[in-house]
There are 2 protein chains.
Amino acid sequence: MAVKSAGIRDVAELAGVSVTTVSHVLNDTPHTRVAEETRARVRHAAKTLGYGPNRAAQALRTNRSGLIGLLSEEIATTPHAGRIILGAQDAAREHDLTLVIINTERESSGHSHRDDVQALLDRQVDAVLYATMYHRQVSLPPNLQALPAVLIDSTDRAGIVPAVVPDEVGGAIAAVTHLVESGHTRIGFLNNDDDVPATHGRFEGYRQVLDAHGISFDATLVSTAPSETLPGYELAREMLGRRDRPTALFCYNDRMAMGAYRAATELGLSIPDDLSIVGFDNQELIAANLFPGLTTVALPHYEMGVWAVETLVRLLHGEGEYKLLADKPTLLDCPLVVRGSVARPTAH
Amino acid sequence: MAVKSAGIRDVAELAGVSVTTVSHVLNDTPHTRVAEETRARVRHAAKTLGYGPNRAAQALRTNRSGLIGLLSEEIATTPHAGRIILGAQDAAREHDLTLVIINTERESSGHSHRDDVQALLDRQVDAVLYATMYHRQVSLPPNLQALPAVLIDSTDRAGIVPAVVPDEVGGAIAAVTHLVESGHTRIGFLNNDDDVPATHGRFEGYRQVLDAHGISFDATLVSTAPSETLPGYELAREMLGRRDRPTALFCYNDRMAMGAYRAATELGLSIPDDLSIVGFDNQELIAANLFPGLTTVALPHYEMGVWAVETLVRLLHGEGEYKLLADKPTLLDCPLVVRGSVARPTAH
DNA sequence: GTGAAAGCGCTAACAG
DNA sequence: CTGTTAGCGCTTTCAC
């Protein structure tokens, strides 16, 4: 309320120059020479008046809203989306862009995705980010084609949009290497049974580490089930019940690991002394609240959010190696988060 | 890209009227009579051209950005913030408003809060929502005074801003009543030890139910500790270790309940047969993944988000019983979510 | 009932 | 190096 805030002409007046000059210096307009002394005067005037540009006028004139849309699946289901938002937010702020977030359903008719994109289009965002809840391939709504876009945590089935995804293989390598370096050689793997990149990537990483350390692969040490707590429990229960049970378990995700904890407890195996466990996802709510804390692999959600916005900005500025970027999704590191669930195996 | 989208003059032309008329009918401008037949023609023209107003021009002209800022604490920490966002989002869409979300730190210098509000101000939002991570009292950044505001999950220390919070007492009543109706009379309460509304409200609800059912209050059945998993475990361990242990536990939150589960397991008490447990917060990641599923009380985050936006809209439209609203925070229901952790006590 | 026209605050030709 | 000026697309006053 109060007094209507200062406009560019107020600044011009106070600095004793024209609005053009003010516009030039405040925007660092290229191909424009303004005396350093004038610039200083203008900037000072702007500051003393507390001048901030009127976004609407700017947008109207430049045809750029300064808004970028983030279409995110299932914002409220896990904190994952939250971290993407955080990363995107921070990067956006860096570039004076505003993030407009729209929640979308995971498995919707595709129709609704269209509508969600439309909502963003109606708000005339300059570009859009599309974030999925888990690493997978997607088909983009057709109306998304109209705008620069970047995919987060998924790849484009058509392969024409830049994408950033977690390095699943690398994450698994970190996890299993940690186990091997702690002295484990019989390492069970409780894997997901969905046909998604994470399933294959984490398995791939598991195999690579075994190979690299000359540990022969034992197919009986790998079992698969839906990646939930209960199936994890059942798988672990079975595998840990064997006479030649593994001394460590690498779990597809923290929920399966949570099930494994329960199985271990029931079998009288203490973690980490009798059994080491490593999870994946680093879901704080689970990993930090288990006893002992679960050593797991973090997904680079925040970093993917940052990368996506940075890429969008480059695209918007026409430094677009768009094709190049879209060609191969960018992989981001999945670092190991050490808590208390891994120890050296006890001698038999 | 493609063709630049239709403007109001295109619509006017196609409908054979002036832009004024188009504006009037599309906005249902009051005190304006346009022949029904003309309205129809205009609307039809708009639809066939796929016309959508240029937000920037609208904003510039009306001095209303159509943006509302949501300042939310710790977006990525729990899904709570996500549900508030969802509710606010849905309500905002209903009113053709766009939500701009800014993450803020929980315990920051107050300085940074100022900056976050400033960021919103710079983006010229029409109003702001301030959402805290847990129910408490806050002091608002001074620069927030400039705009209509509504508090979510907290109350204003100064008492001048409308607020919506969970009905803690009611939630606790629902939880404990459920226990009593299942036949429990010795009900332990593992409470938080912070001086926050939830602590007092949930205790109050606990007492009320006991009173209402003629169960005499036993102070030894209430213990307090920080509301984390480990303290919850320790408290439960102690209380359940007594000879006259309670047959049911009401826990301040799901994390404490998670600790109680562990204590029960260690003591060989099976849930729900030997011990019933009710939590609070309904954190899916925990409650749904425990064995058995935890019966708990849900916080009305989504609903608070909706309420806040609706209230903001009313405020914006000047139907402002602002003072009235601010006077007493609005309480929203905390419904019980039944899973599998409650059963009738077994006869001794 | 309908229309003409004046800006909202800013950017970017273009002129000087 | 700096200033004048014409709109961006829309709402709204005022006249018809």
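In what follows, chains are A, B, ... by sequence order, proteins preceding strands, each numbered from 1.
- For R61(A), there are no side-chain hydrogen bond (donor to acceptor under 3.5 Å, both in side chains) partners at least two apart in sequence or on another chain.
- Considering only side-chain N and O atoms, T29(A) lies nowhere under 4.0 angstrom from the phosphate OP1 or OP2 of dA12(C).
- Following rounding to the nearest Å, H31(B) (NE2) and dT11(D) (P) show an atom-to-atom distance of 17 Å.
- Residue E37(A) contributes atom CD, which lies 12 Å from atom C1' of dC1(D) at whole-angstrom precision.
- At a threshold of 4.5 Å between non-hydrogen side-chain atoms, the residues L151(B) and V164(B) do not count as touching.
- One atom, CZ of R64(A), and another, C1' of dC8(D), lie 15 Å apart when rounded to the nearest Å.
- Distances shorter than 4.0 Å separate none of the side-chain N or O atoms of T21(B) from OP1 or OP2 on dT2(C).
- Distance alone, capped at 3.5 Å, places no donor-acceptor pair between the T38(B) side chain and the V34(B) backbone.
- Under 4.0 Å is where a charged nitrogen must lie from a carboxylate oxygen, and between D28(B) and R39(B) at least one such pair does.
- Every pair passing salt bridge (Lys or Arg N to Asp or Glu O under 4.0 Å) that includes a residue from residues 122-151 of chain A is listed here, sequence neighbours excluded: E73(A)-R136(A), R123(A)-D96(B).
- When the C1' atom of dC10(D) is taken as reference, atom CG of N63(B) falls 13 Å away, rounded to whole Å.
- In this structure a side-chain-to-backbone donor-acceptor pair under 3.5 Å is present from T311(A) to W307(A).
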N/O-N/O pairs, protein side and nucleotides 13-16 of chain C side, under 3.5 Å:
none

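- Ion pair E13(A)/R9(A) not flagged as a salt bridge, since none of the NZ, NE, NH1 or NH2 atoms sits closer than 4.0 Å to an Asp/Glu carboxylate oxygen.
- Residues G7(A) and V19(B) both approach DNA chain C. Their nearest nucleotides, taken by heavy-atom distance, put V19(B) toward the 5′ side.
- Every residue was checked against the side-chain hydrogen bond (donor to acceptor under 3.5 Å, both in side chains) condition with D333(B), not counting sequence neighbours, and none meets it.
- T132(A) contributes a side-chain N or O that, together with a main-chain N or O of D153(A), makes up a donor-acceptor pair within less than 3.5 Å.
- Listed by residue number, the members of residues 44-61 of chain B with any heavy atom below 4.0 angstrom from DNA chain C are L60(B), R61(B).
- Note: H113(B) and Y130(B) have perpendicular aromatic rings, judged against thresholds of 30 and 60 degrees for the angle between ring planes.
- In this structure, I8(B) atom CD1 and dC8(D) atom P are separated by 14 Å, rounded to whole Å.
- Residue T62(A) places no side-chain N or O under 4.0 Å from the OP1 or OP2 atom of dT11(C).
- The CD-P distance, from Q124(B) to dC8(C), rounds to 16 Å in whole Å.
- At a non-hydrogen distance threshold of 4.0 Å, nothing from residues 9-18 of chain A comes into contact with DNA chain C.
- Within the 3.5 Å criterion, the main-chain N or O of A6(B) finds no donor-acceptor partner in the side chain of D10(B).
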